[in-house]
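Below you'll find the structure, written out as structure tokens, and then a few comments.
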Number of protein chains: 2
Amino acid sequence: MATIYEVSKLAGVSLATVSRVMNNNANVSDATRKKVTAAMDELGYRPNSIAQSLASNCSNSVGLLVSELQGPFYGPMMSGIENTFRNQGKHLIIAAGHSDEEREKQGIEFLISRNCDGLILHVEAVSDDYLIKLSKGRTPFVLINRYISELSDRCILLNNIKGGYLAAKHVLEQGHKNIAYISGPLWKQDAKDRLEGHKQALAEFDLEFDENLLFQGDFMEASGYEGLKALHQQTHPFTALICANDEMAVGAMASARDLGLTLPKQLSIMGYDNVFFTRHVYPQLSTVNYPIDEMGRMAADWVLNHVYQKQTPPLQTLFEPELIVRHSISRQSAQITSQG
Amino acid sequence: MATIYEVSKLAGVSLATVSRVMNNNANVSDATRKKVTAAMDELGYRPNSIAQSLASNCSNSVGLLVSELQGPFYGPMMSGIENTFRNQGKHLIIAAGHSDEEREKQGIEFLISRNCDGLILHVEAVSDDYLIKLSKGRTPFVLINRYISELSDRCILLNNIKGGYLAAKHVLEQGHKNIAYISGPLWKQDAKDRLEGHKQALAEFDLEFDENLLFQGDFMEASGYEGLKALHQQTHPFTALICANDEMAVGAMASARDLGLTLPKQLSIMGYDNVFFTRHVYPQLSTVNYPIDEMGRMAADWVLNHVYQKQTPPLQTLFEPELIVRHSISRQSAQITSQG
DNA sequence: AGAAAAATTGTAAGCGCTTACAGTTGAGCC
DNA sequence: GGCTCAACTGTAAGCGCTTACAATTTTTCT
């Protein structure tokens with residue numbers, strides 16, 4: 001691989017000049033610029049970005065930590081981020097944290113040790129304190145889907161309370177009065193918020209939340225399956241089930257079929273996230289849109305703005321969910337399920 | 001950030017010694033080793049991996065180029081790869097090629113310029129010649145889902161002929177005789193192979209392939225939708241439809257519903273890839289398993305073996321597909337659709 | 001024309017680490 | 001005690017690039 005030295009030799013200029021034309025910033029005369037680029041072409045020169053990073057203390061790469069590389073949720077996020085950066089000549093180093101504290105920390109340290117100029121973190125297991133401490137360090141970062149009041153300007157969030165509200169309101173408007181709920185792990189803020197919004201909608205309809213109709217899941221499909229099974233065994237009746245995400249909703253749908261329930265006639269099911277496969281399940285799942293791709297792009301913009309001092313569209317940290325009505329909620333004109 | 005120099009000062013040893021304990025290879029006495037690690041801890045020292053890369057000409061990172069960061073197919077692949085590497089202290093730099101020749105090349109060059117020690121490429125648009133030339137370069141790479149005879153030892157492939165064969169055979173065994181086929185773009189080897197296997201099975205059953213029942217799609221959902229629509233309009237009857245991947249199958253399912261066909265009674269549909277959402281569509285899609293996660297792990301092992309001289313399980317380049325029977329194929333005892 | 005200012009180019013000192021090679025130390029042996 | 005040899009540690013030269021600063025050339029102005 002040709003180095004800057006060989007280029008400078010061939011072009012008959014100094015190292016510094018070659019470096020200057022590469023970074024086309026300083027004033028270099030057109031004549032020398034031409035000589036140098038010609039030499040570069042001739043040698044097929046490619047700058048060694050590692051050396052550039054070391055010398056300039058800027059790696060032009062940003063680190064992204066996600067929980068999982070797979071799954072319908074992270075794909076669009078990564079894709080949105082990658083797209084934004086590619087257009088700016090910045091690059092992505094990706095690590096996975098697997099929702100495990102140790103691995104999340106490892107991931108972050110790796111990304112920092114690789115001289116990432118900035119970080120985009122989607123972390124769940126690591127503590128607020130850790131992140132606050134991290135924010136004092138030299139590597140700027142932005143958080144997706146996590147709120148820490150001390151770091152509020154760098155938290156990109158969905159209004160989950162509103163989302164929970166929207167979902168419940170829709171179901172209520174279809175006439176359902178007894179609504180079961182499968183939540184996420186309630187130590188997670190988003191799970192808590194979604195449930196809170198749910199309760200708000202209930203209150204608005206003068207309905208009380210029935211704790212017996214709550215099952216705490218873990219956002220994974222299996223817990224949706226188990227959740228509905230458990231809810232079905234207790235005695236309080238319900239005509240609709242709202243799940244705190246689509247994966248659990250799909251699990252619940254499978255469960256419903258195993259229990260012999262016709263969907264959506266005997267049980268209405270509502271999801272959350274609007275993951276792409278919700279259109280393909282049967283019946284098509286009504287859900288709440290989580291604009292994760294946009295939020296990813298916004299996180300990328302944040303980095304562009306704060307780390308690389310680029311002009312970006314105005315930054316926005318709070319995103320609004322949107323109700324997606326499909327065919328999994330039936331109209332409920334009257335109470336049809338008998339008590340207990 | 002503390003540097004090796006400060007560590008050496010604090011520990012009262014030379015730079016070289018610190019470096020030695022970091023790479024714990026050379027013989028360092030226990031006493032000095034202890035001094036050094038103590039100093040590192042005290043300073044919270046983290047090696048700067050950029051500097052390490054530059055000095056050692058080894059970045060401990062491998063580049064991965066995929067077509068898309070999203071979609072059900074690449075997620076499991078990336079995940080398999082990331083897992084393998086994480087356990088070995090190697091790291092992943094990911095770029096997306098978007099099936100576009102220019103962008104694929106850009107991606108590859110970026111990964112190389114970042115001093116990746118090795119590359120895992122899932123490329124479609126770039127030419128064989130380009131890759132052959134690339135193979136003469138200094139950065140070793142392995143190809144997933146692409147066969148180039150000159151590079152055969154580094155091509156990790158699915159036996160797509162067999163996969164096409166298995167799919168067709170299953171449908172034939174259920175009694176179907178008139179089978180439509182929505183292929184991928186036939187300039188792609190995998191699309192061609194799947195179709196070839198399909199024809200082999202047909203031949204085995206003494207049936208001829210009817211060109212009128214072939215629609216060439218592009219592996220995307222929309223083309224499955226359009227494909228079935230087009231096939232439905234022509235006059236040759238068919239009772240089953242085999243799609244060259246699951247996305248198109250799902251598109252076809254939507255199309256079938258719009259055409260008022262009951263699934264699977266009036267039309268059996270078969271997919272390919274066994275993408276995770278195939279279990280969730282209705283009826284659950286019978287398909288052919290593509291062990292993409294395993295293949296990803298194998299690619300990672302290839303790199304570990306060839307680039308880092310690590311011991312790995314024996315390398316395997318050809319993977320076998322497997323039939324997954326679910327509920328989208330109906331049993332066809334006799335010909336029920338009338339001719340033309 | 002000659003001096004000062006502006007534009008261009010070169011010199012050389014790093015960035016934080018690895019590693020060949022040289023130097024030091026102490027044990028083992030006659 | 002003096003020698004050899006192994007074990008350990010230090011010295012210093014890079015890796016390929018950036019960037020103050022100095023040096024040189026060109027332009028501008030009186």
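So that the names make sense, note that chain A is the first sequence line, chain B the second, and so on, each numbered from 1. Every heavy atom of this structure was used, including side-chain atoms; hydrogens, water molecules and symmetry mates were not. Every value quoted in this text rests on a predicted model; they were computed, and no experiment measured them.
A:Ile112 has its CD1 atom 16 Å from the P atom of C:dG16, to the nearest Å. One can place OH of B:Tyr45 at 10 Å from P of C:dG16, the figure rounded to the nearest angstrom. At whole-Å resolution of the value, NZ in B:Lys9 and P in D:dT9 are 20 Å apart. Distance, B:Ile50 CD1 to D:dC17 P: 14 Å, rounded to whole Å. Whole-Å rounding puts the B:Asn115 CG to C:dC15 P distance at 20 Å. Rounding to whole angstrom units, CG of residue A:Asn57 and P of D:dT18 are separated by 13 Å. Separating the NZ atom of B:Lys34 from the P atom of D:dC8 is a distance of 14 Å, rounded to the nearest angstrom. When rounded to the nearest whole Å, the span between CZ of A:Arg114 and P of C:dG16 equals 16 Å.
Regarding contacts with the backbone of D:dT18, every side-chain N or O of A:Tyr5 stays at 4.0 angstrom or more from both OP1 and OP2. Between A:Asn48 and the phosphate of D:dC15, there is no side-chain N or O to OP1/OP2 separation shorter than 4.0 Å. For C:dT18, the OP1/OP2 oxygens have a side-chain nitrogen or oxygen of B:Gln52 closer than 4.0 Å.
For the helix from C:dA1-D:dT30 to C:dC30-D:dG1, the terminal axes (five pairs an end, C1' atoms, rotation from four pairs onto the next four) enclose an angle of 40°, given to 10 degrees.
A side chain to side chain donor-acceptor pair (under 3.5 Å) check over residues 126-145 of chain A, counting only residues at least two apart or in different chains, returns the pairs A:Asp128-A:Arg146, A:Asn145-A:Asp190, A:Asn145-A:Tyr290. For residues 4-56 of chain A, there are no ring-ring contact (aromatic ring centres under 6.0 Å, His included) pairs, not counting sequence neighbours.
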Using the side-chain hydrogen bond (donor to acceptor under 3.5 Å, both in side chains) rule, take A:Asn115 and A:Ser53 through it: C-alpha gap first, then chi angles, then the decisive distance, then the call.
-> CA-CA 8 Å; A:Asn115 277 19; A:Ser53 299; 5.8 Å; no

When you look at A:Ser152 and A:Ser149, which way does the side-chain hydrogen bond (donor to acceptor under 3.5 Å, both in side chains) test go after all the steps?
-> CA-CA 5 Å; A:Ser152 62; A:Ser149 59; over 6 Å; no

Give the intermediate values and the outcome of salt bridge (charged side-chain N to carboxylate O under 4.0 Å, His left out) for residues A:Lys105 and A:Glu101.
-> CA-CA 6 Å; A:Lys105 283 187 185 173; A:Glu101 182 165 7; 3.6 Å; yes

Would you please test A:Leu119 and A:Leu65 for side chain to side chain contact (heavy atoms under 4.5 Å, CB included) and show each step?
-> CA-CA 8 Å; A:Leu119 262 35; A:Leu65 187 74; over 6 Å; no

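Set against D:dC17, C:dT18, C:dG16, the side chain of A:Leu54 has C:dG16 as its closest nucleotide.
Counting heavy-atom neighbours within 6.0 Å of B:Met22 CE, excluding the residue itself, gives a total above 12.
In the model, A:Thr32 has a side-chain atom that pairs as donor or acceptor with a side-chain atom of A:Ser29 under 3.5 Å.
When atom types are taken as modelled, the side chain of B:Arg154 and the backbone of B:Phe141 share a donor-acceptor pair closer than 3.5 angstrom.
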Produce the list of close N/O pairs, under 3.5 Å, pairing protein atoms with atoms of nucleotides 24-26 of chain C; give distances to one decimal.
none

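In summary, B:Arg297 and B:Asp293 engage in a salt bridge, as defined by a charged side-chain N under 4.0 Å from a carboxylate O.
Using a 4.0 Å heavy-atom distance criterion, A:Ser19 is classed as a base contact.
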What donor-acceptor contacts under 3.5 angstrom involve side-chain atoms of residues 66-74 of chain A, with partners at least two apart or in another chain?
| unit_1 | atom_1 | unit_2 | atom_2 | d |
| --- | --- | --- | --- | --- |
| A:Ser67 | OG | A:Tyr74 | OH | 3.2 |
| A:Glu68 | OE1 | A:His98 | ND1 | 3.2 |
| A:Glu68 | OE2 | A:His98 | ND1 | 3.3 |
| A:Gln70 | NE2 | B:Ser79 | OG | 3.1 |

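When every heavy atom of A:Ser19 is checked against every heavy atom of A:Ile4, the shortest pair comes out as N-CD1, 3.8 Å.
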Any chance you could list the contact pattern along nucleotides 5-14 of chain C? Use B for base contacts, S for sugar-phosphate-only contacts and - for none, protein heavy atoms under 4.0 Å, 5' to 3'.
-> ---SBBB--B

